[in-house]
Amino acid sequence: MLAISAFPARAVLGFEIEPQFNEPYLATSLQDFWGKRWNLMVPTILHPTVYSPTRRVASSLIGNKWAPVAAVLASFLVSGLFHELIYYYFTHVRPTWEVTWFFVLHGVCMGLEIVVKRSVEGKWRLWRGVSGLLTVGFVAVTGAWLFFPQVLRNGVDQRAISEYQMVVAYVSDHLLPRLTSFLR
């Protein structure tokens, strides 16, 4: 949705919006996918508001070694809850918590990834092609299992398409003629 929203802002209004995605299909780990490639606005928001404070508090409670894992779990939990809130806003249907479980699962798996990477650091590394397929496959399978059913079941996809069609119709029927006459 964000990428689609950026196009009219750029085309009609001349705004250049920061890219929201950075070739997510090239991700080689969950850290790479969620931190550097997918919906780049979210890590920018969650890092200072959830991750850093949680890491700071967790460092004093469980030590510096495990604090990043606790901070990742907290960030993914908050992201899941926000997605549930967004879905509720769009659908007015009680949450099923599938989306929250999607993010919790990814947070747990990213925490495991952090621990495994630390334990094998410098000793062994998974080939990039294999890690890429595993990462993208994991995101796709868990998305189909936990994330997208709620979207499809409640018609969020159809509502979003309908709203974008209305925006395009409004722009082409009202704004473009005015802009064209203004530029003449």
Does R55 have any salt bridge (charged side-chain N to carboxylate O under 4.0 Å, His left out) partners at least two apart in sequence or in another chain, and if so, which?
->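 With sequence neighbours excluded, R55 shows a salt bridge (charged side-chain N to carboxylate O under 4.0 Å, His left out) to no residue whatsoever.
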To the closest 0.5 Å, what do you measure between [atom1] ([X]) and [atom2] ([Y])?
{"X": "L176", "Y": "S181", "atom1": "CG", "atom2": "OG", "value": "10.5 Å"}
{"X": "T91", "Y": "I86", "atom1": "OG1", "atom2": "CD1", "value": "11.5 Å"}
{"X": "F76", "Y": "H83", "atom1": "CZ", "atom2": "NE2", "value": "10.5 Å"}
{"X": "Q20", "Y": "T44", "atom1": "CD", "atom2": "OG1", "value": "8.0 Å"}

Look at the side-chain heavy atoms of Ile, Leu, Val, Met, Phe, Trp and Tyr, link any pair under 4.5 Å apart, and say whether [X] and [Y] land in one connected group.
{"X": "V78", "Y": "I45", "answer": "no"}
{"X": "L81", "Y": "L73", "answer": "yes"}
{"X": "L133", "Y": "L26", "answer": "no"}
{"X": "M110", "Y": "V120", "answer": "no"}
{"X": "F147", "Y": "W145", "answer": "yes"}

Check: [Y] and [X] side chains under 4.5 Å, non-hydrogen atoms:
{"X": "V99", "Y": "L146", "answer": "no"}
{"X": "V139", "Y": "W38", "answer": "no"}
{"X": "V42", "Y": "N39", "answer": "yes"}
{"X": "Q165", "Y": "I161", "answer": "yes"}

Which pairs, with at least one residue in [range] and sequence neighbours excluded, count as a salt bridge (charged side-chain N to carboxylate O under 4.0 Å, His left out)?
{"range": "residues 38-50", "value": "none"}
{"range": "residues 116-134", "value": "E113-K117"}
{"range": "residues 30-43", "value": "D32-R37"}
{"range": "residues 98-109", "value": "E98-R153"}

Taking all heavy atoms of [X] and all of [Y], pick out the closest pair and write down the distance.
{"X": "S79", "Y": "L46", "value": "CB-CD1, 4.0 Å"}
{"X": "L40", "Y": "P19", "value": "CD1-O, 3.7 Å"}
{"X": "I114", "Y": "V69", "value": "CG2-CG2, 4.3 Å"}
{"X": "F21", "Y": "P24", "value": "CB-CD, 4.3 Å"}
{"X": "C109", "Y": "L30", "value": "CB-CD1, 3.6 Å"}
{"X": "A70", "Y": "A58", "value": "CB-CB, 4.0 Å"}

Set of residues satisfying side-chain contact (heavy atoms from CB on, under 4.5 Å) with respect to V130, sequence neighbours excluded |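 Applying side-chain contact (heavy atoms from CB on, under 4.5 Å) to V130 gives L126, W127, L134.
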Of all residues at least two apart in sequence or in a different chain, which pass the side-chain contact (heavy atoms from CB on, under 4.5 Å) check with V168?
->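 V168 satisfies side-chain contact (heavy atoms from CB on, under 4.5 Å) with no residue once adjacent residues are dropped.
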Would you indicate whether F138, at its atom CZ, is surrounded by more than 12 heavy atoms from other residues, nucleotides or ligands within a distance under 6.0 Å?
->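 Yes, the 6.0 Å shell around CZ holds more than 12 heavy atoms from other groups.
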Could you pull out every donor-acceptor pair under 3.5 Å between side chains of residues 100-108 and any protein atom, sequence neighbours left out?
{"unit_1": "T100", "atom_1": "OG1", "unit_2": "G80", "atom_2": "O", "d": "3.3"}
{"unit_1": "T100", "atom_1": "OG1", "unit_2": "E84", "atom_2": "OE2", "d": "3.3"}
{"unit_1": "H106", "atom_1": "ND1", "unit_2": "W34", "atom_2": "NE1", "d": "3.1"}
{"unit_1": "H106", "atom_1": "NE2", "unit_2": "T142", "atom_2": "OG1", "d": "2.7"}

Would you say the side-chain atoms of T135 pair up with the backbone N or O of S131, donor to acceptor, closer than 3.5 Å?
->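 Here the side-chain-to-backbone pair exists.
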Sequence neighbours excluded - ring-ring contact (aromatic ring centres under 6.0 Å, His included) pairs with any residue from residues 40-59 =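 Those involving residues 40-59 are H47-Y51.
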Y87 vs V151, side chain to side chain contact (heavy atoms under 4.5 Å, CB included): CA-CA, chis, key distance, verdict = CA-CA 8 Å; Y87 282 2; V151 171; 2.7 Å; yes
What pairs of residues pass the side chain to side chain donor-acceptor pair (under 3.5 Å) test when at least one of them lies in residues 58-74, not counting sequence neighbours?
->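 Qualifying pairs: S59-N64.
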Please name all residues satisfying ring pair (Phe, Tyr, Trp, His ring centres under 6.0 Å) with Y170, sequence neighbours left out, ordered by chain then number.
->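 Here the qualifying residues are H174.
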Taking only residues two or more places apart in sequence or in another chain, which ones pass ring pair (Phe, Tyr, Trp, His ring centres under 6.0 Å) with F148?
->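 F148 satisfies ring pair (Phe, Tyr, Trp, His ring centres under 6.0 Å) with no other residue.
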Should the pair Y89 and H92 be assigned to parallel (<30°), tilted (30 to 60°) or perpendicular (>60°) ring geometry?
->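 Geometry flag for H92 against Y89: tilted rings.
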